[in-house]
Amino acid sequence: MFHVEISAGYRHARVFNLSREDVMAKVVQPWLENRIIEAGEREWEPSESKLRVLEGPRMENSDLSFGQGWANAERSCEDVTRAIVEAAPPPTLPDAFVIETDRPETLTAEIVDGHDGRPVHWSDAQRWIDGRDPEIAAV
């Protein structure tokens, strides 16, 4: 089982008894993608927080009582923060961004103003999108 602590300053949130799948999907992937993580009735910004992941036995109610859950987890578990973050797949880039506007022509003109925008064939655009060419900012 995995036990997670996210902290910033004096505030912290602790979550106990997560499966590997849950810790990866709900904590590690969002952390690596710098997305907001909800824990302990708060939202945590990864760039402003610290993450700790422990792995070990399941924490039973008696282990968690009287606010002793994290201390008990630290005594009986191994800190695997670095290992689990390094084992995670690299962050995925979004496939697309959506910008909603009432005036698409004006917005497009503002975006390309001062840049070398040019019309291209759809096959070239697909190649740039699929290849995620780092020289291309938008298609």
Side-chain angles (χ1 to χ4, degrees):
M1 298 266 56
F2 291 89
H3 316 293
V4 174
E5 177 186 60
I6 301 174
S7 61
Y10 294 108
R11 297 186 201 149
H12 62 266
R14 294 170 177 153
V15 181
F16 298 91
N17 301 325
L18 295 174
S19 67
R20 175 176 281 281
E21 294 77 25
D22 280 345
V23 79
M24 293 302 274
K26 295 177 181 177
V27 179
V28 176
Q29 278 307 131
W31 187 271
L32 292 173
E33 294 171 5
N34 202 32
R35 290 187 287 133
I36 298 290
I37 298 169
E38 291 184 29
E41 299 182 14
R42 279 197 75 219
E43 291 183 341
W44 300 88
E45 185 79 42
S47 62
E48 299 171 2
S49 307
K50 182 180 175 187
L51 174 67
R52 282 190 69 201
V53 181
L54 306 179
E55 182 179 19
R58 176 178 185 76
M59 295 285 112
E60 302 298 336
N61 286 340
S62 59
D63 299 317
L64 301 173
S65 61
F66 304 112
Q68 293 299 307
W70 193 252
N72 289 333
E74 286 181 309
R75 279 193 290 276
S76 62
C77 298
E78 178 184 353
D79 188 327
V80 295
T81 308
R82 174 177 243 145
I84 201 159
V85 167
E86 289 175 354
T92 57
L93 297 173
D95 291 327
F97 291 94
V98 174
I99 301 172
E100 295 180 15
T101 180
D102 294 333
R103 301 178 5 233
E105 294 83 7
T106 304
L107 178 63
T108 303
E110 290 172 5
I111 291 171
V112 300
D113 185 37
H115 300 282
D116 294 329
R118 65 188 185 285
V120 297
H121 291 286
W122 178 242
S123 60
D124 291 335
Q126 283 180 306
R127 184 172 37 84
W128 286 325
I129 292 169
D130 292 341
R132 297 192 188 273
D133 186 332
E135 301 285 321
I136 306 297
V139 176

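Because the structure is a prediction, the values reported are computed rather than measured. In what follows, every heavy atom counts, from backbone to side chain, and hydrogens, waters and symmetry copies are set aside.
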For this session: For Asn17 and Met59, indicate whether the former's side chain and the latter's backbone hold a donor-acceptor pair under 3.5 Å.
Result: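 Between the backbone of Met59 and the side chain of Asn17 there is a qualifying donor-acceptor contact (under 3.5 Å).
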For this session: Could you tell me whether the side chain of His3 and the main chain of Val15 form a donor-acceptor pair under 3.5 Å?
Result: no
Problem set entry | Of Leu32, Asn34, Leu51, the residue whose pairing with Pro46 passes side chain to side chain contact (heavy atoms under 4.5 Å, CB included) |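 By the side chain to side chain contact (heavy atoms under 4.5 Å, CB included) criterion, Pro46 pairs with just one of Leu32, Asn34, Leu51: Asn34.
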For this session: From the options Thr101, Leu107, Thr106, select the one residue that forms a side chain to side chain contact (heavy atoms under 4.5 Å, CB included) with Pro104.
Result: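 Looking at Thr101, Leu107, Thr106, the match for Pro104 under the side chain to side chain contact (heavy atoms under 4.5 Å, CB included) is Thr101.
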Exercise. Does the pair Arg20 and Ile84 meet the rule for a side-chain contact (heavy atoms from CB on, under 4.5 Å), with working shown?
Worked result: CA-CA 9 Å; Arg20 175 176 281 281; Ile84 201 159; 3.9 Å; yes
Exercise. In Å, rounded to the nearest 0.5 Å, how long is the span from CD1 of Ile111 to CD1 of Ile99?
Worked result: 4.5 Å
Problem set entry | Pairwise side-chain contact, Pro89 with Gln29, heavy-atom cut-off 4.5 Å (strictly under) | yes
Exercise. Can you tell if the side chain of Met1 reaches within under 4.5 Å of the side chain of Cys77, non-hydrogen atoms only?
Worked result: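 Contact flag for Met1/Cys77 side chains = no.
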Exercise. What are the two closest heavy atoms between Ala39 and Trp44, and how far apart are they?
Worked result: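 Minimum heavy-atom separation between Ala39 and Trp44: O-NE1, 2.9 Å.
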Problem set entry | Ile6 to Ser49 - nearest heavy-atom pair and separation | CG2-CB, 3.9 Å
For this session: Evaluate the criterion side-chain contact (heavy atoms from CB on, under 4.5 Å) for residue pair Glu45 and Ile36; output intermediate values, then yes/no.
Result: CA-CA 5 Å; Glu45 185 79 42; Ile36 298 290; 3.0 Å; yes
Exercise. Hey, any chance Leu54 and Leu64 share a hydrophobic cluster, counting ILVMFWY side chains that come within less than 4.5 Å of each other, even indirectly?
Worked result: yes
For this session: Indicate, with yes or no, if Leu18 and Val53 share a hydrophobic cluster defined by side-chain heavy-atom contacts under 4.5 Å among Ile, Leu, Val, Met, Phe, Trp and Tyr.
Result: yes
For this session: Answer yes or no: are there more than 12 heavy-atom neighbours, outside Arg42 itself, under 6.0 Å from its atom CZ?
Result: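 Yes, CZ of Arg42 has more than 12 neighbouring heavy atoms, counting only those of other groups under 6.0 Å.
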Exercise. Should Phe2 and Val27 be marked as a side-chain contact (heavy atoms from CB on, under 4.5 Å) after you check the CA-CA gap, both sets of side-chain angles, and the distance that decides it?
Worked result: CA-CA 11 Å; Phe2 291 89; Val27 179; over 6 Å; no
Exercise. Restricting to pairs with a member in residues 73-85, which pass side chain to side chain donor-acceptor pair (under 3.5 Å), not counting sequence neighbours?
Worked result: Arg52-Glu74, Arg52-Asp79, Trp70-Glu74, Asn72-Arg75, Asp79-Thr81, Arg82-Glu86
